[in-house]
**Student:** 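I'd like to ask you about the structure that follows.
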Amino acid sequence: MKRISWDQYFMAQSHLLALRSTCTRLAVGATIVRDNRIIAGGYNGSVSGGVHCIDEGCYVIDGHCVRTIHAEMNAVIQCAKFGIPTNGAEIYVTHFPCLNCCKGLIQSGIKKVYYAEDYKNHPYALELFENAGVQVEQVELEEMILDFNSQEKLDLTAELLRKLSTSGLEEAELRPLYEKASKLFAGLK
């Protein structure tokens, strides 16, 4: 078995964190790493104990939800809360950081930003990162590491097998396909 790379491992962690997001506009996850060890994680959502966008909708002012704390800042705040230094650390984020998060990451001492997807990449953010000596690199998550469409694939496979079963194929021809599909999707039902 081939192990996934560190970049894919940490980016996958960020995508898992994004699944905890309470933002209805964009689910984002962030993982802060030092020496190939996860030191903090965050996702975008409301303040602890507050109202969440998934429950009452976004609180939008000038095109921005003011209820949400971004994933990057939640991860940095988690470090501050527990006394974990961020100076010299790296961060893996599912989406390119907004301008405010960019400034926060620079101020926290983050030295490298990995992001999976472009998202309103602000030219000034890139300029700030460059001037601060923060390296920025896109690391897209490889599709099969985390499969977000597994249920749809299972449903499509089941539908295709049902149609094949009514097409006149012999059961001996269909049985290997059913067995293969069952092994492929074991545990997803």
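It should be emphasised that the depicted structure is a prediction, and the values quoted were computed from it without experimental measurement.
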**Student:** So for atom CG, which belongs to D35, do other residues, nucleotides or ligands contribute more than 12 heavy atoms lying within a distance under 6.0 Å?
**Tutor:**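 No, because the 6.0 Å sphere around CG of D35 holds 12 heavy atoms or fewer from other groups.
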**Student:** Decide side chain to side chain donor-acceptor pair (under 3.5 Å) for N44 and T68; before the verdict, give the C-alpha distance in whole Å, the side-chain angles of both, and the deciding distance to 0.1 Å.
**Tutor:** CA-CA 6 Å; N44 55 334; T68 300; 5.6 Å; no
**Student:** Would you check if there is a donor-acceptor pair between the side chains of N36 and Y9 at a distance under 3.5 Å?
**Tutor:**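 Y9 vs N36: no donor-acceptor pair found between side chains.
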**Student:** Nearest 0.5 Å, what's the CZ-CH2 distance between R37 and W6?
**Tutor:**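 That separation rounds to 5.0 Å.
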**Student:** Find the distance between CD1 (I110) and SG (C102) and round it off to the nearest 0.5 Å.
**Tutor:**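 Nearest 0.5 Å value for the CD1-SG distance: 12.0 Å.
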**Student:** Indicate, with yes or no, if L99 and V93 share a hydrophobic cluster defined by side-chain heavy-atom contacts under 4.5 Å among Ile, Leu, Val, Met, Phe, Trp and Tyr.
**Tutor:**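 Yes, one cluster joins them.
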**Student:** Determine the interplanar angle of the F129 and F96 rings, folded into 0 to 90°, and report it as parallel if under 30°, tilted if 30 to 60°, perpendicular if over 60°.
**Tutor:**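 Rings of F129 and F96: perpendicular, over 60°.
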**Student:** Just checking, any donor-acceptor pair under 3.5 angstrom between side chains of T31 and S14?
**Tutor:**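 On atom types as modelled, these side chains qualify, holding a pair under 3.5 Å.
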**Student:** Does the side chain of C65 come within less than 4.5 Å of C53's, by heavy atoms?
**Tutor:**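 Of all side-chain heavy-atom pairs linking C65 with C53, at least one is under 4.5 Å.
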**Student:** Roughly how far, to the nearest 0.5 Å, is the CD1 atom of I32 from the CG atom of L105?
**Tutor:**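 It is 7.5 Å, given to the nearest 0.5 Å.
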**Student:** Report the distance from atom OH of Y92 to atom CE of M11, rounding to the nearest 0.5 Å.
**Tutor:**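 Answer for the OH-CE pair, Y92 versus M11, is 7.0 Å.
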**Student:** Please determine whether the number of non-hydrogen atoms from other residues, nucleotides or ligands lying under 6.0 Å from atom CD of E130 exceeds 12.
**Tutor:**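 No.
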**Student:** For residues 111-125, which residue pairs pass the salt bridge (charged side-chain N to carboxylate O under 4.0 Å, His left out) check, not counting sequence neighbours?
**Tutor:**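 Listed once each, the pairs are K112-E137.
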